[in-house]
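Read the structure below first, then the notes.
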Amino acid sequence: MSESTQPTEKVNYKPTLNLPKTSFPMRANLAQNEPQSMKRWDKQRLYGLVNEARRDGQPFVFHDGPPYANGSIHAGHLLNKVLKDIVVRSRLMAGKNCPYVPGWDCHGLPIEHRVMTGLVESGKIAKFNTLTDNQRRMAIRRECRKYADKHIKLQAQQMQRLLTHADYDNPYLTMTPDYEQAVLEVFADLVQQDLVFRALKSVHWSIENQTALADAELEYYDKTDISVYVDFEAVDRDAVAQAFGVELDQTPTFMIWTTTPWTLPANLAIAVHEKFRYALVLVDGNVTIIASELLNKVTAAAKSEAVEVLAETDGSKLVGLRYRHPFCDRESPVVAADYVTLEDGTGLVHTAPGHGVDDYNTGLREGLDIYCPVLGDGSYDDTVPEWLVGKNIWKANSEIVEHLRRSGHLFHDHEFVHSYPHDWRGKSPVIFRATDQWFVGVERPTRWDKQSLQQLALDKTETEVNFIPQWGRNRMRGMLESRPDWCLSRQRAWGLPIPAFAMENDEVFLTAASVRAVAKRFGEHEGGSDAWFTEAPEELLRHYNPADDPDAPDNLDVARLKPMYDIFDVWFESGSSWNAVMRQRDLGYPVDLYLEGSDQHRGWFQLSLLPALAVTGQPPFRTLLTHGFVVDKDGRKMSKSGGNALDVEAVLKDYGADVCRWWVSSLSYENDVKADTGFFDLASESYRKVRNTLRFLLSNLFDYDANQSDAAQLPAPNALDAWIMHEAGRLQQQVAAAYTTYEFRRVHQLLYDFCNDTLSATYCAAVKDRLYCDAEDADRRRSTQRAMFTIADMLSRLLAPIMPHTADETFRALHNADDPMQTVHLQTQVELPDWPCNERWPSILELRDVLLKAVEMAKSSLDVDNPLDIGVKLQLLSNEEVVRSFEYQDLADLVGVSRIDEEPSNTDVEPSVSGVVFRAYDLRDEPRCDRCWRRTVDTTARSDGATLCDRCADAMK
RNA sequence: GGGCCCGUAGCUCAGUUGGUUAGAGCGCACGCCUGAUAAGCGUGAGGUCAGUGGUUCAACUCCACUCGGGCCCA
């Protein structure tokens, strides 16, 4: 700063200025202060108050999907719950009636598995095993319920810490009696439409525990088995010869390979790959068929000496040929299958639909029996050859090999070590076994114009469901098209029982009316579906009268019924929530919005859609919004074991919920979301920018009384104020629209840019001088304060859905709230009046940019540091009218220089960007106001020796 | 292996139906202010639009393939 322009004696004018004052802290200290906000809201019972206040508002029906009641919340929950909360809060702010009932998925294998593991580890399992079946089931269920309760409490607490505004006092739980009742009512409706049936399906089966096992209950260990190459004799020699285009005088065989000889009695097909080449070979005097590529490997393994390829053909030519089973009296076909590989075996795959998933699917497709001659205890039933009946399958393995060897069907055998699934508890090997299961038939006609569920689902998602993002529709369609029948049953204890009974004649008793009767019983029973394990059939069916049931079997004797113990797939329970929650609690149906991760296209979305369509004929949702998954900073999947999972609790503690939510609002959530603690540093920075802008507004309102300074008493707003109010109005409309269309990222962008650019860098910088230096009561200053007050109030409301704590803190500071009941969250958005403002503002802002650059250049060329030591002369050419419609002082404030004025235009000069010619010049020789530090034309020496501008001289009076 | 999707500055993202020199914020560099001060302001440098090939007068944009990543199946 130049010495020559400094006043000789320094008077401190600082006390005469209206400098900002506020108790609103610069540092948010969210980790400490957010819990206090939560307490205040809790005490005033805010959730209920808001609902009460919005009771007559237009409803917006939102339905929360239930997370699984297991473990702590993770990054995915953070994203999901915050997005939901932003939706709900923004709808409430718009005056909508929008309840948010949170829910939990309580039943199911993961909990049961954890509980069982605990029992095994603690040794309690021994005691459980001494109980009767139903006592044991009840004991397990009690443990599972305790486990679920504990985690629901934990998660609810963590979700509340995210500042979500939901009815945590009345959540829905899939394990409560009322919920269970409503699920069974949905099921009854499906039964009534004949959509439910029983059929065989291959499952992992533990012989040791005589139970079906889920994938999660398998452990893989190496197991030594006998692997065998078996010749299956062709039925029609000529047909085979024709397929290979040769003549044959010997009946050829199909050579298969298997490591489970005990499944051979259930063989019903041989699968080949249509695109592979197969060879007709003379090996050691026999003619057999092997995949060409595997021929050498197989004959080498068997140490065959004489190998001669007679012909080759495509797999597709073999399809349809038939063969004779080596020791069962039947013929079976060769079929095509894609899963046939050339890695092991012969390229011809032994297929037993009762003993394998691929085999099972092939069996369904080819219309084969799902034949399973193995009983639950691992012994053969009486449908197999006599020498095998009653034998244990593991023992039978070697007998079958010997039998094949003797009958000449065994080409080769050797021991083979492979990874094989074992029961996680007993560590014994499991088998695949076809068992009776319950299904929902997706291709059966429903009561809705006889269309199938699949067809209804395809049609309705095409026309009646809105997808965000759009590609969700394709994804859903693809999944629906390939949707198999829905297997509803599981063989577990922790779940809702499928209320079926076995009759004396071994037939199954389950009708729509009987299901409804049990539903009613569960609903009124304190323990809900626990009744299934503690009550006799007469009690369970106390609301059932066979005389009123057209489907009741003739010979029904309720007293002699035996309950069956399959439970529902948990997806059927959560998939009935539209009934168990939304319809039962009268919250609105169909629902406006389901919002979940994109994995739920197959999960909750689809499995809610199917039952709802069956029962109501319409989709349960109008809009499906999906978000991506949270991945690590390199875009890789997060996992606890991978060590790259985000610690949500730590992030909340270090950054606070408002920062986390501000981060969530910045995401393009439709794609995968990268997250790392470092990302929250950035969100923190940007949060602080917004916070500081709010603080600046608040700090300049310390002497402003919004009630007294009513609009009527104030003069027309200054051009700057009119402009910022106009911008604020536009912002409000854009933000409101973006909230409505779930474009939170745009909301974030708009709010950030407005705070950072429009307010902080432009408006606030420009009005500082008048706020600080104008007389306290000057019209110009009051007009500015009015704008700032209005905007701060508006911003607190616009920000409330994203940062509930900070918005409330701002709102309460602005309104000097001592009353704990005062909160932004009971407010609705105020529509700002359409403020007229000079329509030339865009040109002026362009001019500002140009002049800022000019000032920057002048600073170096004139060797000036402080822009207040610079003045700008304009030559107005094409845009005379535009510039002259503004006051030069306002322009100077916008650019941050002491003064801007005109000079006569010189026609020789080329106009620059905005049609102006400008010249920045050094003002350091001009007097500088001691109070406002500007070098305006009216700054002169005053009688008391001070150098002041007129405005400051006035303000001092 | 199949279905759906993603890949633009160091980072997070814009980029209309193909059409001038691909935009913004953060970060970074340099500077200012010291009356928003553990703040605030200005200026500037950063890009082979994942890769290859094709369609076109013209491709970040349309098509095919490849690579990397995610979800759901098998």
Side-chain angles (χ1 to χ4, degrees), chain A residues 1 12-22 24-27 76 337-339 341 357-358 361 467 469-484 596-603 605-606 626-638 663 666-668 670-676 678-679 681-686 688-689 691-700 745-746 748-749 752-753 755-757 759-762 764-766 768-769 771-773 848-849 851-857 859-860 864-870 895-897 931-933:
Chain A
M1 197 167 297
N12 182 14
Y13 285 97
K14 197 163 170 177
T16 73
L17 300 175
N18 312 302
L19 291 179
K21 267 183 242 163
T22 181
F24 189 90
M26 191 178 283
R27 296 180 66 89
D338 286 340
Y339 54 80
T341 72
V357 173
D358 284 339
N361 291 326
F467 286 83
Q470 281 293 321
W471 52 256
R473 178 173 282 118
N474 290 343
R475 188 159 188 200
M476 190 82 145
R477 193 194 303 121
M479 288 170 174
L480 286 168
E481 279 166 353
S482 59
R483 160 92 243 171
E596 306 295 337
S598 60
D599 55 335
Q600 300 303 336
H601 283 114
R602 188 169 195 92
F605 294 161
Q606 192 191 131
T626 52
H627 55 79
F629 274 63
V630 182
V631 294
D632 76 6
K633 63 180 193 312
D634 302 317
R636 289 174 196 271
K637 162 197 201 132
M638 280 187 176
W663 171 73
S666 76
L667 303 168
S668 32
E670 60 272 20
N671 297 330
D672 284 340
V673 169
K674 289 184 189 173
D676 190 69
F679 289 29
D681 288 328
L682 299 183
S684 251
E685 282 296 312
S686 118
R688 291 223 303 265
K689 295 279 273 191
R691 182 180 180 85
N692 261 317
T693 302
L694 293 170
R695 180 170 179 269
F696 182 79
L697 297 179
L698 290 169
S699 66
N700 281 291
R745 189 185 156 72
R746 183 166 156 71
H748 179 103
Q749 196 86 269
Y752 181 78
D753 286 350
C755 287
N756 197 32
D757 195 42
L759 279 178
S760 185
T762 310
C764 294
K768 267 185 196 175
D769 172 78
L771 284 169
Y772 299 170
C773 304
R848 173 178 179 265
D849 280 342
L851 293 183
L852 280 172
K853 286 186 178 67
V855 166
E856 196 64 24
M857 286 198 291
K859 275 162 72 181
S860 60
V864 178
D865 283 335
N866 192 331
L868 284 178
D869 290 337
I870 288 176
V895 179
V897 295
R931 187 165 173 271
C932 71
W933 301 341

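All chains are named by letter (A, B, ...) in the order of the sequence lines, taking the proteins before the strands, and each is independently numbered beginning at 1.
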Same-atom distance ([atom1]) from [N] to [M], integer angstrom:
N: C67(B); M: G51(B); atom1: C1'; answer: 7 Å
N: C4(B); M: U43(B); atom1: P; answer: 47 Å
N: C28(B); M: A74(B); atom1: C1'; answer: 48 Å
N: G44(B); M: U61(B); atom1: C1'; answer: 30 Å

Exercise for review: Specify the residue among Ser482(A) and Leu17(A) whose closest nucleotide of RNA chain B lies further upstream toward the 5′ end.
Suggested key: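 First, find each residue's nearest nucleotide; the 5'-ward one identifies Leu17(A).
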Check your understanding: With nearest nucleotides of RNA chain B determined for Ser598(A) and Arg931(A) from heavy-atom distances, which residue corresponds to the more 5′ nucleotide?
Key ->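 In this pair, the answer is Arg931(A).
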Distances for protein N or O near nucleotides 65-68 of chain B N or O, under 3.5 Å:
none

Review point. For RNA chain B, which ranges pair as stems of 3 or more consecutive Watson-Crick or G-U pairs, with both donor-acceptor distances under 3.5 Å?
Key: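 Runs of three or more consecutive pairs: B:1-7 with B:67-73, B:10-13 with B:23-26, B:28-32 with B:40-44, B:50-54 with B:62-66.
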Point to revise | salt bridge (charged side-chain N to carboxylate O under 4.0 Å, His left out) against Glu481(A), all qualifying residues, sequence neighbours excluded | key: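 Counting only residues at least two positions away or on another chain, Glu481(A) forms no salt bridge (charged side-chain N to carboxylate O under 4.0 Å, His left out).
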Checking all strands, does [X] fall into the base, sugar-phosphate, or nothing category for heavy-atom contacts under 4.0 angstrom?
X: Lys637(A); value: sugar-phosphate
X: Gly635(A); value: sugar-phosphate
X: Phe629(A); value: sugar-phosphate

Review point. Measuring from Arg691(A):CZ to Met26(A):CE, what's the distance to the nearest 0.5 Å?
Key: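 Nearest 0.5 Å value for the CZ-CE distance: 10.0 Å.
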Point to revise | Distance in Å, His627(A) NE2 paired with Asp672(A) CG, rounded so as to fall on 0.5 Å steps | key: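 So the gap between those two atoms works out to 11.0 Å.
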Point to revise | Over all atoms of both residues, closest heavy-atom pair of Asp599(A) and Phe629(A) | key: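 Smallest interatomic distance, heavy atoms only, reads CG-CZ, 3.4 Å.
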Check your understanding: If you look at every heavy atom in Arg848(A) and Thr762(A), which pair is closest and at what distance?
Key ->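 Taking Arg848(A) first and Thr762(A) second, the nearest heavy atoms are NH1-OG1, 3.6 Å.
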Exercise for review: With syn defined as a glycosidic angle within 90° of 0 and anti as everything else, classify G69(B).
Suggested key: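 Nucleotide G69(B) adopts anti.
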Is there any protein nitrogen or oxygen under 3.5 Å from a nitrogen or oxygen in nucleotides 9-14 of chain B, and what are the pairs?
unit_1 : atom_1 : unit_2    : atom_2 : d
C13(B) : OP1    : Ser668(A) : OG     : 3.3
C13(B) : O4'    : Arg745(A) : NH2    : 3.3
C13(B) : O2'    : Arg745(A) : NE     : 2.6
C13(B) : O2'    : Arg745(A) : NH2    : 2.1

Review point. Going by number, which of residues 469-477 of chain A have a non-hydrogen atom under 4.0 Å from RNA chain B?
Key: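 Heavy-atom cutoff 4.0 Å gives Trp471(A), Asn474(A), Arg475(A).
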Taking N or O atoms only and anything under 3.5 Å, show me the protein contacts with nucleotides 38-45 of chain B, one pair per line.
unit_1 : atom_1 : unit_2    : atom_2 : d
A39(B) : O3'    : Asn692(A) : ND2    : 3.4
G40(B) : O3'    : Ser760(A) : OG     : 3.1
C41(B) : OP1    : Ser760(A) : OG     : 2.7
C41(B) : OP1    : Ala761(A) : N      : 3.3
C41(B) : OP2    : Lys689(A) : NZ     : 3.4
G42(B) : O2'    : Glu856(A) : OE1    : 2.8

Practice item. Kindly indicate, with the supporting measurements, whether the criterion side-chain contact (heavy atoms from CB on, under 4.5 Å) is fulfilled by Val895(A) and Leu852(A). Key: CA-CA 6 Å; Val895(A) 179; Leu852(A) 280 172; 4.3 Å; yes
Point to revise | Distance test, side-chain N/O of Tyr772(A) to OP1/OP2 of A36(B), below 4.0 Å | key: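 So the side-chain polar atoms of Tyr772(A) do come within 4.0 Å of the phosphate oxygens OP1 or OP2 of A36(B), strictly under.
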Review point. Out of C73(B), G35(B), G25(B), which has the shortest distance to the side chain of Leu19(A)?
Key: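 Between C73(B), G35(B), G25(B), the one nearest the side chain of Leu19(A) would be G35(B).
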